[in-house]
Amino acid sequence: MQIYKVGGAVRDRLLGKPVTDIDWVVVGATTEEMLAKGFRPVGADFPVFLHPKSGEEYALARTERKNGRGYGGFIFHASPDVTLEEDLIRRDLTINAMAEDDQQNLTDPYHGQRDLEARLLRHVSPAFAEDPLRVLRVARFAARYAELGFTVAPETLELMRQLSESGELEALTPERSWKEIARALMEDQPQVFIEVLRECGALKVLMPEVDALFGVPQPEAHHPEIDTGAHTLSVLEQAALYKQPLTVRWACLLHDLGKGLTPEEEWPRHIAHEHKGLKLIKAVNERFKAPKDCQELALLVGKYHTHGHRALELKPSTLLELLQSFDVYRRPQRFEEFIAACEMDARGRKGLEQRSYPQADYLRGAATAARSVAVQPLLEKGFKGPELGEAIKSERLKALKAYKAVAPA
Ligand code: CTP
């Protein structure tokens, strides 16, 4: 049997990037031989094994053919006569279809190295279309390698366009799509992921609510970039620049969905877009079964981001309502993430990226003031049940009034 390093490990070594995961392909072996060498079988779908010591993945060379719609509809053929070239041709991109032996000799039948140099994400063969998830993968790689100057080859973009129009994307499971979305949002240029999906028509299928923001104007005074889609991309870009976590990036992407529902005659104003957007945010959250913390933050940011921007003008009672809605007493981190998303929203505007955002510290101060109310003295005064709740609220309101009176405006 011959063993080769394949996929991302070869690509990233040639790019001079750190390699974390190594995938191996084994040519000329049978399952029985692998088991006899102590490899542990994994995965019901394909003949893939874990190395007894390193735990790395070793797959028998295989060919694949699609059988029906969606994922899972695959017929694969793995046997000792499947060649390395046959295994590589079923892969997604030329830069992912190179193999290397233990002497670092490269097998590159589909010119991955040439495309690495040309900074091109190009599909290997028409078999690309057999897994619609690859549309998201290519957009994710575009986001990851944008800083190196990579773009999607025109013929690959065309294939992605056809796949998006064919209805195949609808067959993806929420779990597979979310995994790609989450990884893409955590790249350094997550806005490129959305741009590429939009360019090939996949955004309209996957997140029509986000796609609808392009072409929707906002008032120039607050939004020099005018276009709501362009604004959303800039907010995402800022979130990555400021190394925000996934929850914040997801909330940034969805915060303005309500603006896509404004009737044209009301443009460029978007009255009550925060509230109108909530059902759309909920729909996107559920479509991809986003994790609970991402779902929650996206809804809260959608509902309250304008409160964040107006923090310094809010009445103490409105400030209290905001803090209560976030349950800031038990979930201080979530409120921090809300503040971060509001700040990214404020910075994600053309020419305003460097602006200061005094609302952030003001909100933190308000949270500290409300949290400083001690419950013990109220218990000692004999408050119980709902009355205790009311008494705490009223003390918090007092604390916020005092805070507002002295906080620098
Ligand atoms: N692959 C593919 N189509 C997919 C998933 C994977 O062709 N839908 C192939 C590619 O050759 C890829 C390899 O399997 O390089 C390994 O896949 P994976 O580990 O998911 O990706 P990597 O390329 O290693 O990239 P990453 O750095 O994102 O993990």
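Order of appearance sets the numbers: ligands from 1, and atoms from 1 within every ligand. Quick caveat: nothing in here was measured; it's all calculated off a predicted structure.
Considering only residues two or more places apart in sequence or on other chains, His51 meets the ring-ring contact (aromatic ring centres under 6.0 Å, His included) condition with Phe39, Tyr58. For Glu57, there are no side chain to side chain donor-acceptor pair (under 3.5 Å) partners two or more places apart in sequence or in a different chain.
The salt bridge (charged side-chain N to carboxylate O under 4.0 Å, His left out) analysis of residues 240-253, with sequence neighbours excluded, yields the pairs Asp188-Lys243.
A salt bridge between Arg347 and Glu353 is absent, with no side-chain N of the basic residue lying under 4.0 Å from a carboxylate O of the acidic one.
Annotation: cation-pi pair Arg91/Phe128 absent, no NZ/CZ under 6.0 Å from the ring centroid and within 45° of its normal. A cation-pi arrangement is absent between Arg40 and Phe49, since the terminal nitrogen or guanidinium carbon is not both under 6.0 Å from the aromatic centre and inside a 45° cone about the axis.
Among protein residues, Gly7, Gly8, Arg11, Asp23, Arg91, Asp92, Asn96, Asp131, Arg134, Arg137, Arg140, Phe141, Arg144, Arg183 come within 4.0 Å of ligand 1, judged on heavy atoms.
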